[in-house]
Each structure stands twice: as C-alpha cells, then as structure tokens.
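Note sheet for the following structure.
Residues: numbered from 1 along the sequence shown.
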Amino acid sequence: MKKQLYKPISKIYQPDRCEPLELAADSGQIQMKALRRFDYPGVDLPDAVLPGVYSIGYWDAKIDQNWGLDWHRNEGIEFTFLASGNLSFSTKKETFELGSGDITITRPWQPHKLGNPNVTAGKLFWIIIDVEVKQPHQDWKWPDWIILSKEDLNYLTKVLRQNEMPVWKSNKNVQNYIMELGHCLNMLSNGEILHSKFNILINQLFLELLNIFKKGEVELDESLIVNKRTVAIFLNYLLTNFERQWTLDDMAEYCGLGITSLSKYCKQLTNMTPVNYLIKIRLEAAAKILEKNSSKNVSEVCYDCGFSSTQYFATVFKKRYKVTPSDYKLKFCQQSNVELV
C-alpha cells in the first residue's frame, strides 16, 4: 500500500512519532498491530476509513524493554488502556504507576512520557483522534462518525476540556470493547480492516467513558480552557525551547491566537512583551552557560541561546548584567581558579 504523505503541520509544532516503538516492533522485541495516518507507526488507513483517527493500535511486550517513549505530545486527544502488566506514565506534574485496567487521557498540549526510563512487560492499547485543536482555548470538532447525541457529546467534550485528570479506572464494559478492538487489529494480518466494527466499538467506548464520568465526581474548571492558559503553557514551553528563531508571528501561530491577544496575556502573566520575555530567558540561559562552561566562547553561547547577532547579544547582556559577556565569563573563571587554589 502506498505510504501517505506527511501531514502539513506547523513548522514549530512537532508531535512525537514513536520511533522507539516502531524500531522495537521491526526488530521483534514486541508484537505491534496498528493503523495509522501520516507517519505514525502501523498500516495505512484508507482516506474513507475512520477519518480523524491518526493512530489506533496496541503493543504487546512479553519482557521488560530497553526503550521508552520520552517526553512527547500528540496531534489529537490520546486514550490509552493498559490491558496487562504495569507501566510508568508521567505528566509534567506527576508520575503514575499504571496497573491493569487503567486508562490515560492526554490532550495535544500535554507533554507526557511512558517508561521510567524504559517500558516494562505489558499490553497497551491506544487511540489518537483529531479534534482539530492544538491549544486549550480552541473549540473541539469531533469526526462526523462519532454518533453520540449532541447533548452527550457536548458533555463528554466539556469534561475532557475542563478536567485534565490524566488517569482513570476502567470498568468491565470498557475492557470488553478494548479487547474487541484488539481482535479487529489482529485481522490486519489478513489484510482486512473491519471499518464498521471499529466505528461501532469506538462509539461504544466513548459512551462508556461518558458513563464513567457521569458516575464519578468530576470537578470542572473553566480556567483550563481560556486564552490566558494557552499563553501560560506556551511561556513555560519557551523555557526549554528558547533557542528557536522565534518571531512574534511564530509565537502567535503556535498559540493559535492573534498577536494582540498573545501580547495582552503575556503582559498579564510576565509584565513583559512576548519578545522581551524571550530575550529574558535567553539571557538567563546564556549567563548560566558562561558561569559553568568555560570551554565555550561568547559567540558559541550567543548562537546556542537563540541570538542571531553577537553585537546585539553583547548589548542586551550588558544592559541586563552591567558587564559584557566576556567580562562576565572571566569573572566566574577567576572565582573558579581562586577556589581551586
């Protein structure tokens, strides 16, 4: 079957493609059955089959592995189900030890990882569905084949948007639907894609998740879906991605906001413009490198931290730290030599 072309996504937003998982399957370390779109692992989904599903599949690891899925995000909302074994699952806030029957739910803006650092023996199912968003404030649009009533789908969406609890306990019905999805995936070996069965099972699965949410005490928080939170998440992302050649347009595009809205909420959160905030964290990163790494010259530090001009770097650095980058570096080298003596 002809491989589909990569999906055109933002030049900045780069979700994970699960290369360690694919390599493990190719080398026979695990069994994997999956359907995919674009460059996720698995067998290509025809255009007319389950539109909006980016990936659905399972892996079955009989022994502990020498790989894990490090920090990553997905393009859609991801549901996973651990059928057997146990597995370390982490968000930026917390690490969970998943057991048999646990469900995880992660949104496109939520970094997460599997393994600590490697995954353990177990069988994990997953499904990633595009709801046409990348940020918390954006309105969700489900694929047309999700046939829950408007009322039920609205409630399901509300819970998934306004509550970001990442781990849930399943019930017997969920487990049965997942096992049936596994049976459908096993039919791929015969070259058969059970389109109708997949469609029905995924709808049943969502209906059962809805029942779980309704029976539990779900705390909803509208602050999770406002523009300001999207900007806060982006500013946190900048702390480890400041070296990119960001423009103000790039920042606004990443957030899915206009420049005016981005600037407004950045000012509220930091009392700075987006560009000035970026310069601030670049300067702080540069100062730390100059303090600790005497082997790097000032030009290397400049470019490593995202500055495109050594002259501009020297100007803004001196304005912030009252000395040139070279003198700042020399100061800490001298202190280090004194300590060694």
Side-chain angles (χ1 to χ4, degrees), residues 12-25 29-30 32 34 40-41 54-129 131 133-136 159-170 174 178 209 212-213 216 218-219 221 223-225 229-230 232-242 254 281:
I12 296 171
Y13 183 88
Q14 296 179 352
D16 182 71
R17 298 306 186 197
C18 306
E19 287 91 348
L21 169 61
E22 195 162 20
L23 288 172
Q29 295 182 60
I30 61 168
M32 183 185 74
Y40 287 97
Y54 284 164
S55 180
I56 179 171
Y58 73 80
W59 83 58
D60 191 356
K62 301 300 184 185
I63 59 174
D64 293 347
Q65 300 294 298
N66 60 2
W67 56 274
L69 295 180
D70 207 353
W71 292 109
H72 65 282
R73 298 177 303 169
N74 299 107
E75 290 173 279
I77 183 166
E78 179 179 31
F79 303 86
T80 75
F81 173 81
L82 188 64
S84 59
N86 49 70
L87 181 64
S88 178
F89 168 80
S90 300
T91 66
K92 289 296 186 179
K93 293 183 178 179
E94 193 173 357
T95 294
F96 302 84
E97 294 303 321
L98 304 180
S100 175
D102 283 344
I103 300 167
T104 73
I105 303 173
T106 50
R107 292 81 180 159
W109 53 88
Q110 292 182 289
H112 55 287
K113 70 174 183 176
L114 293 170
N116 189 25
N118 299 329
V119 304
T120 47
K123 189 172 186 178
L124 183 82
F125 291 80
W126 72 86
I127 179 169
I128 302 171
I129 297 182
V131 287
V133 303
K134 289 186 175 69
Q135 302 295 350
V159 171
L160 293 175
R161 291 187 67 196
Q162 297 184 29
N163 179 293
E164 291 187 351
M165 181 173 164
V167 178
W168 295 79
K169 290 292 182 184
S170 68
V174 168
I178 294 291
L209 286 176
I212 291 173
F213 294 150
V218 180
E219 295 184 8
D221 182 356
S223 71
L224 294 178
I225 62 172
R229 181 165 183 263
T230 291
I233 290 173
F234 171 66
L235 296 179
N236 186 64
Y237 176 75
L238 274 185
L239 293 175
T240 52
N241 292 273
F242 52 81
Y254 182 95
I281 60 178

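Residue pairs that meet the side-chain hydrogen bond (donor to acceptor under 3.5 Å, both in side chains) test with at least one member in residues 111-121, sequence neighbours left out, are His72-His112, Asn74-His112, Glu78-His112.
Taking the six-membered ring for Trp and thresholds of 30 and 60 degrees, Trp168 and Phe213 have ring planes more than 60 degrees apart, a perpendicular arrangement.
When Trp126, Phe81, Phe125 are each tested for a ring pair (Phe, Tyr, Trp, His ring centres under 6.0 Å) with Tyr58, only one passes: Phe125. Applying side-chain contact (heavy atoms from CB on, under 4.5 Å) to Leu21 and the options Met32, Gln65, Gln29 leaves one that passes, Met32.
Here the side chain of Asn163 pairs no donor or acceptor atom with the backbone of Val159 at under 3.5 angstrom.
The closest side-chain heavy-atom distance from Val119 to Ile30 is not below 4.5 Å. You'll find the side chain of Ile128 stays beyond 4.5 Å of the side chain of Glu75, heavy atoms only. Taking 4.5 Å as the limit, some side-chain heavy atom of Leu124 sits within range of a side-chain heavy atom of Leu114. Contact check for Phe234 versus Gln135: no side-chain heavy atoms found under the 4.5 Å cut-off.
Note that the CZ atom of Phe79 and the CG atom of Leu160 stand 5.0 Å from one another [nearest 0.5 Å]. Distance check: Leu238 CG to Ile233 CD1 gives 12.5 Å after rounding to the nearest 0.5 Å. Distance CZ/Phe89 to OG1/Thr104: 4.5 Å, rounded to 0.5 Å. The line from CE of Met165 to OG1 of Thr91 is 12.0 Å long, rounded to the nearest 0.5 Å. Between the CD1 atom in Ile56 and the OH atom in Tyr40 there is a gap of 14.0 Å [rounded to 0.5 Å]. To the nearest 0.5 Å, atoms CD (Glu19) and CG (Leu69) are separated by 9.5 Å.
Nearest heavy atoms, Ser170 versus Ile103: CB-CD1, 3.6 Å. Heavy atoms only, all atoms of each residue included: Asp64 and Ala121 are closest at OD1-N, 3.0 Å. For the residue pair Gly76 and Pro108, the shortest heavy atom distance occurs at O-CG, 3.6 Å. Considering every non-hydrogen atom in both Pro136 and Leu224, the closest pair reads CB-O, 3.3 Å. The two residues Ala34 and Pro41 come nearest to each other via the heavy atoms CB-O, 3.7 Å. Scanning all heavy atoms of the two residues, the minimum distance from Ala83 to Ser100 falls at O-OG, 2.9 Å.
Contacts of Trp67 classified as ring pair (Phe, Tyr, Trp, His ring centres under 6.0 Å), with partners at least two apart in sequence or in another chain: Trp59. Taking Arg107 as the reference, nothing meets the salt bridge (Lys or Arg N to Asp or Glu O under 4.0 Å) condition, with sequence neighbours excluded. Residues forming a side chain to side chain contact (heavy atoms under 4.5 Å, CB included) with Lys62 (at least two apart in sequence, or on another chain): Asp60. Considering only residues two or more places apart in sequence or on other chains, Glu97 meets the salt bridge (Lys or Arg N to Asp or Glu O under 4.0 Å) condition with none of them. Under the rule for a salt bridge (Lys or Arg N to Asp or Glu O under 4.0 Å), the partners of Lys169 that lie at least two apart in sequence or sit in another chain are Asp102.
Salt-bridge annotation for Glu164 and Lys93: absent, with no side-chain N of the basic residue lying under 4.0 Å from a carboxylate O of the acidic one.
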